[in-house]
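Worksheet: the structure to be examined is printed underneath.
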Protein chains: 2
Amino acid sequence: MPTPQGKPSRTPRAPRTPRETDGPKRATVQEVAEAAGVSTATVSRVLNGNYPVATETRRKVEQAVRTLGYVVNAHARALAGSRTRTVGIIVQDIIDPFYTFIAHGVQRQAAEDGKLCLVCSTYGVVGGELDLIDALHEQRADAVILVGGGVDDPAYRRKLADRARALGREGSWLVLCGRPALEDGVPAGVVDYDNTGGAHAITEYLLGLGHRRILYVGGPEQLSVHQARVAGFRRAHASRGLEVDERLIQPGAFSRRFGYERVAQLLRDGSAGEFTAVFGANDGVAVGAMQALREAGLRVPRDVSVVGYDDIPLAAEVTPALTTVHLPLEQMGREAVRLAVALRGESDGPTGTRHVGTHVVIRDSTAPPPAPAP
Amino acid sequence: MPTPQGKPSRTPRAPRTPRETDGPKRATVQEVAEAAGVSTATVSRVLNGNYPVATETRRKVEQAVRTLGYVVNAHARALAGSRTRTVGIIVQDIIDPFYTFIAHGVQRQAAEDGKLCLVCSTYGVVGGELDLIDALHEQRADAVILVGGGVDDPAYRRKLADRARALGREGSWLVLCGRPALEDGVPAGVVDYDNTGGAHAITEYLLGLGHRRILYVGGPEQLSVHQARVAGFRRAHASRGLEVDERLIQPGAFSRRFGYERVAQLLRDGSAGEFTAVFGANDGVAVGAMQALREAGLRVPRDVSVVGYDDIPLAAEVTPALTTVHLPLEQMGREAVRLAVALRGESDGPTGTRHVGTHVVIRDSTAPPPAPAP
DNA sequence: CTGAAAGCGCTTACAG
DNA sequence: CTGAAAGCGCTTACAG
């Protein structure tokens, strides 16, 4: 039983006495060395394969490893060497497909590079990110990948920069994935996808179809992603000399539920005025909006067009299939670990940035607005 | 640049010379101790809070920690102490909702217990599980949680048992989540959900509705989960003295795609005979089947009823909402880490098993079979 | 190609 | 309540 401090209570047994059932006792390099009749240095060298070793010697060591069932201790290795072969990733919520797919990319790339992956979710806890960075720092992760848009106030960015520097001193790297770069000189990489550009492109598509009153729903106001997407939305209007009715911008959560409820409400009370298209801040919001429209007796895309952002699988699976901005989520995850690896190669390299492309995917949820009432 | 062996090449710089930019050099307990004017033992004690320390002493140490920006090295800690405060989880594919939700539960429970989570996916690679268990063993994870049904041949189970014993010697535990227990005496826990019972219950529900020809689609034949579900399907028929037409059992992948393709094909060539209901081996398969039925002009549930298994969110989101067997996925993940923690508390406890409940959720995809053609 | 030895950064009996 | 010292299990210059 753990004590209140969470430490195991002292057992009355003599320490380090192997259990009866232990069988071949847990082996160490020391024991492998003895069994093979060589030094521990030699064992280490055959294990790591990073140094020439005579064939016969190698054979003896491998034999000993096998018969003793030796499994290297990664902690001893990490302490004596320098790399941990571990990357950490911090997301908001692993069950949100946006994060799941990025985490998936991180995991695959890490696996290909022979690294293991520590995944952590903040679940929206304030300061959670910072604590998790610290926890991953304790683990001396080779890289810490922070995914998703962040709150964007100066005090917070300063704290993040401090963490990045602390990590940098350790030879590790903070990689921001989908969040603006920190100030110059801070050792942090960034994997960037163009929120403003994507939002601009899909808004322009809607405008080109003839829509003039587009409702923008969802997205937490403090998040950098949200701000960037709204900026693209506005810029597309501005390029055509159009003004946007502020009532049409309805920030909120990034959830299906929010999309559903807010659109249902606006349809009910009309407080945003009329609209012929809905731009969901992400696919979840858009799908929620579609449901609200359907329940109000409106047809998509005949009466109202709907678009989303991210292109999670759901977007292609709903009916009608959703027009949206495609983000290469898995690739973003892969890019993040590749960047970290590249960065570690440099003795004291500067901040690096990697951009991934984005494009509009036109499916069945968009059409020209209905002809004005006769 | 890594050399071909994957090790960093020697740099010409003198080792351990701090970079100009290092700022407050990476601190160690040693340095914290000096700064605070105490011994390293004392620093360790205030850091771990597991031993009485004078208030004033504690204050000095905490102060030193803060000004030096000290971050404990988890590897040194793991090597000197015994626990790593890390759990490992192995799934087949993190983007499959079944696994995502279990992983989510593992992660939350681990976080609540102050542990970090190493998550690994096999992506269906043969032997992947075994290699990943070894990798997690190297990391000395406090527990290794293996999720999902496994291939069920004796040779494989023997290998698994070997791994479990090796882990056990280390004081760590293998926990099988949704897979049959290993032989007696092997130090492995299991979190069990009743596949046979669930399949029996939902089949019985369909039978009670009047269906007599139910198509069972999907599920890889070698997997223990599949075998258990089919067993439940058969037993439900047997209880009513009904025979099952073997052509109605169509194993295959656990995917939406397979469900779609196989049902489409059977509808085309009629090689399974008639059927009035479809039992998808999991929700994905069931949703694929619904799509195939719809495209063939059949209506669900009016012409054909459809049920699934697992109750992932998709099940409630499709139209019509899917009748299925509910599995408490998140809870299963949580149970797995709780079990591991409990097991570690015991000096040499026996194999433990935890059962989680299962129940049928009736939604809109089921109805009595259509009346026989007039 | 190989070995002896130092050292990585902690924790934990042991002894006050 | 505190400290001196051993030891956890590896890797890596250094020296042949």
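The model shown is predicted, which means the values in this text are computed figures rather than measured ones. Naming: A, B, ... by sequence-line order, numbering from 1 per chain. FYI, side chains are in, hydrogens and waters are out, and symmetry mates aren't considered; it's all heavy atoms of this structure.
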Show me the dot-bracket string of DNA chain C, counting Watson-Crick or G-U pairs under 3.5 Å, with | for pairs to another strand and [ ] for crossing ones. |||.||||||||.|||
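Under the 3.5 Å distance criterion, with hydrogens and angles disregarded, a donor-acceptor pair is assigned to the side chains of T84(A) and D142(A).
Contact annotation: T28(B) side-chain N/O to dG9(C) OP1/OP2 distance is not under 4.0 Å. Using a 4.0 Å cut-off, no side-chain N or O of S44(A) falls inside it from OP1 or OP2 of dC10(D). For dT11(C), one of the phosphate oxygens OP1 or OP2 lies less than 4.0 angstrom from a side-chain nitrogen or oxygen of N48(B). The phosphate of dT2(C) (OP1 or OP2) has a side-chain N or O of T57(A) nearer than 4.0 angstrom. The phosphate of dC10(D) has OP1 or OP2 within less than 4.0 Å of a side-chain N or O from Y70(A).
With hydrogens and angles ignored, the 3.5 Å screen pairs a side-chain donor or acceptor of S172(B) with a backbone N or O of A141(B).
Taking atom NE2 of H75(A) as the reference point, atom P of dG9(D) lies 12 Å away to the nearest angstrom. Going from atom CD of E31(B) over to atom P of dC10(C) covers 9 Å, rounded to whole Å. What separates OH of Y51(A) from P of dT2(C) is a distance of 11 Å, to the nearest Å. Here the P atom of nucleotide dC10(C) and the NE2 atom of H137(A) are 10 Å apart, to the nearest Å. Atom CZ in R77(B) sits roughly 18 Å away from atom P in dG9(D) (whole-Å rounding). The separation between K60(A) atom NZ and dT2(C) atom C1' is 11 Å, rounded to whole Å. Computed from coordinates, the R59(B) CZ to dT2(D) C1' distance equals 17 Å when rounded to whole Å. L79(B) places its CG atom 12 Å from the P atom of dT11(D), with the value rounded to the nearest Å.
For dG3(C), its base sits under 3.5 Å from the side chain of R45(A) at one donor and acceptor pair at least.
For A41(A), the listed nucleotide lying nearest its side chain is dT12(D); candidates were dC10(C), dT12(D), dC1(D). Closest to the V29(A) side chain, of the nucleotides dG9(D), dA5(D), dC10(D), is dC10(D). Comparing dA4(D), dA4(C), dG9(C) by their closest approach to the side chain of S39(A) singles out dA4(C). Of all nucleotides listed (dC10(C), dC1(C), dG9(D)), dC1(C) comes nearest to the side chain of A54(A).
Using bins of under 30°, 30° to 60° and over 60° for the plane-to-plane angle, the ring pair H75(B)/H75(A) lands in the tilted bin.
If you check every strand for non-hydrogen atoms under 4.0 Å, V38(A) touches sugar and phosphate atoms only.
A salt bridge between R59(A) and E62(A) is absent, with no side-chain N of the basic residue lying under 4.0 Å from a carboxylate O of the acidic one. Comment: R179(B) engages E129(B) in a salt bridge, judged by a side-chain N to carboxylate O separation of less than 4.0 angstrom.
Residue pairs satisfying the salt bridge (Lys or Arg N to Asp or Glu O under 4.0 Å) criterion with at least one member in residues 70-81 of chain A, sequence neighbours excluded, are absent.
Between L339(B) and the choices I145(B), V175(B), V190(B), T353(B), the side chain to side chain contact (heavy atoms under 4.5 Å, CB included) rule is met once, by V175(B).
Taking for each of G81(B) and T42(B) the nucleotide of DNA chain D with the nearest heavy atom, the 5'-most of the two is the partner of T42(B).
Nucleotides dC14(D) and dC10(D), compared at atom P, are 24 Å apart to the nearest Å.
Across all non-hydrogen atoms, the minimal contact from C117(A) to V106(A) is SG-CG1, 3.7 Å.
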